Amino acid sequence: MFDVYTRDYLTKQENKVPLSFYEQETFTVTRSLLGKILVSNVEDKLVAGRIVEVEPYIGAWDKASHAYPNKITPRTKIQFDKGGVLYIYFVYGMHYQLCVVAEQEGVASAILIRAVEPVFGLDAIRRRRGEKVKDIDLTNGPGKLCKAFGITKDLNGQSLIGDKVWIVKGEDVPDESVLCSPRVGIDYAQEFAKKPWRMYIKDNAYVSKIKTKGISYKKAQKTFTPD
DNA sequence: GCACAGATTCTCT
DNA sequence: GAGAATCTGTGCG
């Protein structure tokens, strides 16, 4: 654990990542989220974790996106918002997923946070996840981290510079430490199911299970096209 | 250390 | 009414 992430540091308004960060192009934001600190303050419990695994979803041409092809429904309309809000949805009858909306207004974009490394509020995380769960399994998956952070549908559409969930600066991760592999659980997305757009920090123990060997960030970057 | 099925409810057809 | 951007326990080695 890192002692630098104190309550004081995590809650200071000036340390929150500004909205302009989220308004950038999706792939850039996805990459830059690695190493940053996700903070939640719900039910009066401050909890934080370093982001170690993320996946981008583009509404316009990515078949894996809920909003493909620019489909506006009550669920997906949040993805069309201006970058800097939360997109939270429910899957498999029991799990929430937490996404960050990027890009300008009108561009459907969501970045799924798949795993974090706990850095603050371990007690609250353990209580929410259950006493039997091993430390390494507390937040190494999108459903797990939502439970650990107290994320529910109520937070859908909330601002990322609000007082419930936000992101603060962490340690920058060099390109050499970023690996990319196919995204998870999207077999229906045809050619897009194989795109190596799941990004994670190399050798980090809190990344969720990896089946295929990752490729370099530079290589993956070239595949980020509508093809 | 696998593989498999069950849980359970929301969203869109 | 089908299927889902998942997790967990069980059973087998």
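No hydrogens, no waters, no symmetry mates; every other heavy atom, side chains included, goes into these values. Here the structure is a predicted model, which means the values were calculated and not measured.
- A close approach under 4.0 Å does not occur between any side-chain nitrogen or oxygen of A:Lys209 and OP1 or OP2 of C:dT6.
- Distance, A:Ile58 CD1 to C:dA5 C1': 14 Å, rounded to whole Å.
- Atom pair A:Ile88:CD1 and C:dA5:P shows a separation of 16 Å (rounding to whole Å applied).
- Distance A:Lys134 NZ to C:dT8 P: 11 Å, rounded to the nearest Å.
- Among the heavy atoms of the strands lying under 4.0 Å from A:Gln97 are primed sugar atoms or P, OP1, OP2 only; no base atom is included.
- The distance from atom CG of A:Leu138 to atom P of C:dT8 is 10 Å, rounded to the nearest whole Å.
- Atom CZ in A:Phe90 sits about 14 Å away from atom C1' in C:dA5, given to the nearest Å.
- Between A:Phe224 and A:Phe27, the ring-plane angle classifies as parallel under the 30° and 60° cut-offs.
- When heavy atoms are screened at a 4.0 angstrom cut-off, A:Lys147 is found touching no nucleic acid atom at all.
- Note on A:Arg75: only backbone sugar-phosphate atoms sit closer than 4.0 angstrom, heavy atoms only; bases stay farther off.
- OP1 or OP2 of B:dT11 has at least one side-chain nitrogen or oxygen of A:Lys153 nearer than 4.0 Å.
- Atom NE2 in A:His95 sits about 13 Å away from atom P in C:dA5, given to the nearest Å.
- We find that NZ of A:Lys132 is positioned 11 Å from P of C:dT8, with the value rounded to whole Å.
- Picking from B:dC12, C:dA5, B:dA7 the nucleotide with the shortest atom distance to the side chain of A:Met94 gives B:dA7.
- Using a distance-only test at 3.5 Å, with no hydrogens or angles considered, no donor-acceptor pair links the side chain of A:Thr76 to the main chain of A:His66.
- Within 4.0 Å (heavy atoms only), A:Glu53 reaches no atom of the nucleic acid at all.
- Pairing partner, C:dC7: B:dG6, with both Watson-Crick or wobble hydrogen-bond distances short of 3.5 Å.
- Just one of A:Leu38, A:Asn15, A:Asn41 meets the side-chain contact (heavy atoms from CB on, under 4.5 Å) condition when paired with A:Trp166; it is A:Asn41.
- When rounded to the nearest whole Å, the span between NZ of A:Lys144 and C1' of C:dT8 equals 9 Å.
- In this structure, the side chain of A:Lys16 engages the main chain of A:Gly162 through a donor-acceptor pair within 3.5 Å.
- Side-chain N/O atoms of A:Tyr89 include none lying less than 4.0 angstrom from OP1 or OP2 on B:dT9.
- Aromatic stacking of A:Tyr92 on B:dA7: not satisfied for centres closer than 5.5 Å together with planes under 30 degrees.
- Salt bridge status for A:Arg127 with A:Glu43: absent, with no side-chain N to carboxylate O gap under 4.0 Å.
- Applying the 4.0 Å criterion to OP1 and OP2 of B:dT11, one finds that A:His66 has every side-chain N and O outside that range.
- In this structure, the side chain of A:Ser40 engages the main chain of A:Phe149 through a donor-acceptor pair within 3.5 Å.
- Contact check, A:Arg129 against C:dC7: no side-chain N or O comes under 4.0 Å of OP1 or OP2.
- Nucleic acid contact for A:Gly93: base, since at least one base atom lies under 4.0 Å from a heavy atom of the residue.
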